[in-house]
Amino acid sequence: MGGVLAALEPVQIASILVKAGMYVSVLLAAGSVINLWLLTELDAAASRRLRRLAAWSAIVGIVFSALNIPLRAAFFYGGFGGALDPMMLQIALSSPLGLSVEADILGLLAIATIVFHRSWTRPVTVLGVVLVAVSFALRGHATGDPRLALSTLFVIHILAASFWIGGFYPLYDMARRGNEAAWRTVERFGQAALVMVGLLVVAGVVILVILAGDPIAVLTQPWGQFLMLKLAVVALLLGLAGLNKLRLTPALAETGNAGPLRASIRWEVAAFLVILLVTATFTSTVAPEHVG
């Protein structure tokens, strides 16, 4: 794995940074919408801030998603000169990545309408979340065989991951109040997380089994080592989530002290960012069949 990182080319480094930015912003936009409708105890101020976060994340996500096209053109060309080459750009747009980016941008545009807070924005933003999740199933190893199974698993995986990352801000925001509404918000998120995190883990494991074949042989490959690193950080993240559920949430209800819970949420955010950076590196360098 170290040799792979040492041999990174400028286009790959740019691809990693753009993908990491895209993963964070896109999942945060979709997840903010999911949590806005799920966490009914949010007060007006918290809901307003979460809508703004969803809209701004969607706008940033559009920029990062669009940058994937010239970067893929540069990859085909063998240098950054390809990012402006009309033929290379056309090839990139005509690839599965192009279709994925188009679906992603449409979904993010729909999500951005949440800032208007009108009756029609709810179905529009829900459609946007679905489009964002589906966009990840239109590229890379989601397009392999068995296509239907992998695409379905990726949609589930993305929706669950979006829910999780999208819950950090409203939980952090509400926890500082230390009142009953804060506790009920954290408790509701924890109840939903039991299902969503379970789906996240199960979908991820099944995807790994389908793609890896022989798990032991995978460990000898650079991409397998990246996956093991990712799984190790996921295990840490699950441990923090368990601590929140079993220890820190009851403590918030009993004492109103949100400090430990907010500190744990900050560590969860850091762990999630590491996971997304590892994923971006994996998909830009050593993924089987060079997924995009």
Side-chain angles (χ1 to χ4, degrees), residues 4-5 7-30 57-112 127-148 150-155 157-159 161-162 207 211 222-223 226-227 230 275-292:
V4 171
L5 295 176
L8 287 176
E9 298 178 356
V11 171
Q12 289 178 310
I13 294 173
S15 178
I16 290 169
L17 295 176
V18 167
K19 282 186 179 181
M22 181 194 71
Y23 292 154
V24 173
S25 54
V26 169
L27 294 181
L28 186 56
S57 298
I59 292 170
V60 174
I62 289 171
V63 174
F64 276 116
S65 294
L67 285 174
N68 276 278
I69 298 301
L71 276 175
R72 178 54 61 91
F75 173 79
F76 289 149
Y77 189 80
F80 285 113
L84 300 177
D85 186 280
M87 181 178 296
M88 294 297 103
L89 288 170
Q90 183 59 45
I91 293 173
L93 282 169
S94 302
S95 70
L97 174 66
L99 179 60
S100 172
V101 168
E102 290 168 3
D104 191 30
I105 290 177
L106 284 175
L108 292 169
L109 286 171
I111 288 174
L127 176 61
V129 171
V130 173
L131 279 172
V132 164
V134 169
S135 73
F136 282 86
L138 299 176
R139 66 168 73 181
H141 46 281
T143 61
D145 292 323
R147 176 70 182 271
L148 180 60
L150 281 173
S151 296
T152 302
L153 288 167
F154 266 92
V155 168
H157 194 68
I158 292 302
L159 288 174
S162 297
I207 290 170
L211 294 177
W223 72 272
F226 271 103
L227 282 179
K230 179 178 176 179
I275 289 171
L276 296 180
L277 182 59
V278 170
T279 302
T281 304
F282 162 71
T283 57
S284 299
T285 55
V286 295
E289 298 179 2
H290 194 79
V291 302

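Positions are given from 1, in the same order as the sequence printed here. What you see is a predicted model, and the numbers here were worked out from it, not measured in a lab.
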*Asks:* State the CD-CG distance between Gln90 and Asp85, to the nearest 0.5 angstrom.
*Replies:*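 Going from CD on Gln90 over to CG on Asp85, the span is 11.0 Å.
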*Asks:* Who passes side chain to side chain contact (heavy atoms under 4.5 Å, CB included) against Val60, sequence neighbours left out?
*Replies:* Ser25, Phe64
*Asks:* Of all the heavy-atom pairs spanning Val155 and Val134, show the shortest one and how long it is.
*Replies:* CG2-CA, 4.1 Å
*Asks:* Just by modelled atom types, is the Ala103 backbone N or O under 3.5 Å from a matching donor or acceptor in the Ser135 side chain?
*Replies:* no
*Asks:* How many angstroms lie between atom CE of Met22 and atom CZ of Phe136, to the nearest 0.5 angstrom?
*Replies:* 4.5 Å
*Asks:* Atom CG of Asp104 and atom CG of Leu99: how far apart are they, to the nearest 0.5 Å?
*Replies:*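 Rounded to the nearest 0.5 Å, the CG-CG separation comes out at 11.0 Å.
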*Asks:* Please report the closest heavy-atom contact between Ala73 and Gly82, naming both atoms and the distance.
*Replies:* CB-O, 3.3 Å
*Asks:* Looking at every heavy atom in both Leu277 and Ala20, which two are closest together, and how far apart are they?
*Replies:* CD1-CB, 4.2 Å
*Asks:* Taking only residues two or more places apart in sequence, or in another chain, which ones meet Val11 in a side chain to side chain contact (heavy atoms under 4.5 Å, CB included)?
*Replies:*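 Result, side chain to side chain contact (heavy atoms under 4.5 Å, CB included) vs Val11: Ala74, Phe75, Phe80.
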*Asks:* Nearest 0.5 Å please: distance from the CG atom of Leu108 over to the CD1 atom of Ile59.
*Replies:*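 The CG atom of Leu108 sits 10.0 Å away from the CD1 atom of Ile59.
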*Asks:* Which atom names give the shortest non-hydrogen contact between Leu71 and Ser15, and what distance separates them?
*Replies:* CD1-CA, 3.8 Å
*Asks:* Between the main-chain N or O of Gly61 and the side-chain N or O of Ser65, is there a donor-acceptor pair closer than 3.5 Å?
*Replies:* yes
*Asks:* Do you know which of Leu27, Val132, Val26 makes side chain to side chain contact (heavy atoms under 4.5 Å, CB included) with Ser162?
*Replies:*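 Among the candidates, only Leu27 passes.
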*Asks:* Do Val101 and Arg139 come close enough that some side-chain heavy atom pair is under 4.5 Å?
*Replies:*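 A side-chain contact exists here, since the closest heavy-atom pair is under 4.5 Å.
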*Asks:* Which value, rounded to the nearest 0.5 Å, describes the distance between Leu93 atom CG and Arg72 atom CZ?
*Replies:* 11.5 Å
*Asks:* Any idea which heavy atoms bring Gly98 and Ile69 closest together, and the distance?
*Replies:*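 For Gly98 and Ile69, the tightest heavy-atom pair comes out as CA-CD1, 3.9 Å.
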*Asks:* To the nearest 0.5 Å, tell me how far Leu106 CG sits from Leu131 CG.
*Replies:*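 Separation between the atoms: 6.5 Å.
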*Asks:* Show the nearest heavy-atom pair for residues Ile62 and Leu109, with the distance to one decimal.
*Replies:*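 Answer, listing the atom of Ile62 first, then Leu109: CD1-CD2, 3.6 Å.
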*Asks:* Between Tyr23 and Thr279, is there a side-chain heavy-atom distance shorter than 4.5 Å?
*Replies:*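 Result yes, sub-4.5 Å side-chain heavy-atom pair found.
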*Asks:* Spell out, as yes or no, whether a donor-acceptor pair under 3.5 Å connects the side chain of Ser94 to the backbone of Ile91.
*Replies:*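 No; zero donor-acceptor contacts below 3.5 Å.
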